[in-house]
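The next block holds one structure in the form of C-alpha cells; read it before the comments.
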Amino acid sequence: MSVVLVLQARGLGELLAAVPALRALRRAEPQRRIVLAAPHRLEQIVDLISSVDELVATADPAALIWDGPAPDLAVNLHGADGASARALADTGAERIIGHRTPALPKLAGPRWDPDAHMVDRWCRLLEGEGIDADRRNLGLVPPVASISRRDCVVVHIGAGAAARRWPPERFAAVVRHLLVLGRDVVLTGDPFEHDIARQVAAQAGLPDDRVLAGRQNLTDLAATVAEAALVISGDTGVGHLATAFGTRTVLLFGPTPPRRGGPPAHLLGRHAVLWAGQVGDPDSSTIDPGLLRIGVPEVIAAVDMQLDKQAWAESGRSRYRRVG
C-alpha cells in the first residue's frame with residue numbers, strides 16, 4: 001500500500017494545531033496509508049484524531065528512522081528547519097510538501113511566516129498544493145474517563161518552559177477564590193511539575209488528592225479536560241486540548257501573542273484570552289515579564305465571567321435577557 005508520511009515531532013499543542021491538516025490529507029488520500037512521525041508520548045491523542053493509520057515514534061526529526069519503501073508523499077508539518085527537511089528527503093519520498101528552506105533548495109514551498117497562526121500555517125501549506133483544508137475541523141471525540149470529574153475546574157499549572165509558567169502563588173490565589181465559590185478544583189501538570197502543584201495546593205488549602213499533576217496519563221488528562229466546566233491554563237498543550245473538546249477556558253498568554261497559537265477566531269466566544277501585549281522568548285528559563293503583568297484580579301474576573309457564561313448556557317433558558 002502506498003504511504004503518506006507526515007512529520008510533526010513537537011509537543012501536544014503543535015499536534016492539535018495540525019489536526020485540520022491531517023484530516024485534509026485523509027480526505028485527499030483515502031486509499032493511502034497515513035503514517036505520522038511524532039513523539040510516542042502523544043500516541044493516545046493521535047488515536048483520537050481518526051486520520052492516522054500508524055505512528056512512528058519520533059521526538060527529533062534528525063532521529064527519524066524510516067526503513068519502509070519510499071513514501072509516495074512526505075509532508076513537513078514540523079517546521080522550516082533544515083533537520084526536518086533533510087529527514088524527509090532521506091526517506092526517498094517521491095514528492096515532498098513543506099516550507100522553503102536552504103537545506104532543500106529544490107523544495108518550492110511557501111516562505112515561512114513566523115507570525116502566522118499555527119492552524120492556518122499548515123492549512124495554507126496544503127492549500128498551496130491543491131489540498132482543501134477546513135480550519136474549523138479541530139474537534140476531538142473525548143476519551144472514556146476512568147474516573148469522572150464532570151464540572152470540575154481544571155487549573156493547569158505547567159508549561160513547556162519557565163517563560164510561560166505563571167507564578168505558583170498566583171495560581172494559589174485563583175484556586176482559593178474558586179474554593180470560596182464552592183467549585184471542585186483539580187490541579188494538572190506533568191510529572192516534573194508535581195512538586196509545584198503540591199505547593200499551589202498547600203498555599204490554597206486544596207486537599208492533596210486534588211493534585212493530579214504527574215498522576216495521570218494523557219488519556220486521563222484529556223478526559224478530565226473534556227468533562228471540565230472550565231480550564232485555566234497558560235500557553236500550553238492543555239489549552240489546545242480544551243479547544244478541541246469545546247471546554248471553556250481562561251488562557252494566560254506570554255510571551256507569545258495569542259494570534260499565533262491561541263484559540264482560532266471563530267471559537268473565541270468560549271475562551272477568555274489574556275495577554276499583556278508584550279512579546280518575548282517563549283523558551284527562556286525565567287518567567288516572561290509580559291506574563292508577570294497579568295495579575296490575579298484580571299484572572300479572577302475572567303474566571304467569574306466564564307463560569308457565569310457556563311451556568312447561563314446550562315440553565316436551558318434563552319440566551320437573551322430582558323432588561324428594563
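Heads up: numbering here begins at 1 and tracks the sequence.
Checked by atom type and distance alone, the side chain of Arg165 pairs as donor or acceptor with a backbone atom of Ala159 at under 3.5 Å. Side chain of Arg26 to backbone of Glu29: a donor-acceptor contact under 3.5 angstrom is found. With His117 contributing its side chain and Val119 its backbone, the two residues share a donor-acceptor pair below 3.5 Å. Put simply, the side chain of Asp53 gets close to the backbone of Ile34: a donor and an acceptor are under 3.5 Å apart. Glu227 places a side-chain N or O within donor-acceptor distance of the main-chain N or O of Arg149, the cut-off being under 3.5 Å. Panel note: side chain Glu298, backbone Gly295; a donor-acceptor pair is recorded below 3.5 Å. In terms of modelled atom types and a separation under 3.5 Å, the side chain of Arg260 and the main chain of Ala116 share no donor-acceptor contact. Judged purely by atom type and a 3.5 angstrom limit, Arg176 uses its side chain to pair as donor or acceptor with the backbone of Gln203. Arg270 places a side-chain N or O within 3.5 Å of a backbone atom of Gly246 that can act as its donor or acceptor partner. For the pair Gln44 (side chain) and Leu218 (backbone), a donor-acceptor distance under 3.5 Å is present.
The shortest side-chain heavy-atom distance between Ile157 and Pro168 does not fall under the 4.5 Å cut-off. Contact check for Asp72 versus Arg33: no side-chain heavy atoms found under the 4.5 Å cut-off. Considering only heavy atoms from C-beta on, Leu42 stays 4.5 Å or farther from Leu36 through its side chain.
Between the side chains of Gln216 and Thr188, not a single donor N or O lies within less than 3.5 Å of an accepting N or O.
Aromatic ring centres of Trp122 and His99 lie closer together than 6.0 Å.
The two atoms that bring Pro110 and Gly98 nearest to each other are CD-O, 3.8 Å, heavy atoms only. What you find for Pro143 and Phe245 is that their closest heavy atoms are CD-CZ, 3.9 Å. When all heavy atoms are compared, the tightest approach of Arg135 to Glu127 is NH1-OE2, 2.7 Å. Between Ala163 and Asp281, the closest heavy-atom pair is CB-O, 3.3 Å. Taking all atoms of both residues into account, the shortest heavy-atom contact from Ala85 to Thr101 is CB-CG2, 3.6 Å. Of all heavy-atom pairs spanning Asn76 and Ser84, the tightest one is ND2-OG, 3.0 Å.
Taking the charged nitrogens against the carboxylate oxygens, Arg210 and Asp184 do have a contact shorter than 4.0 Å, which makes a salt bridge. The existence of a salt bridge linking Asp113 and Arg259 is excluded, since no basic side-chain nitrogen approaches an acidic carboxylate oxygen closer than 4.0 Å.
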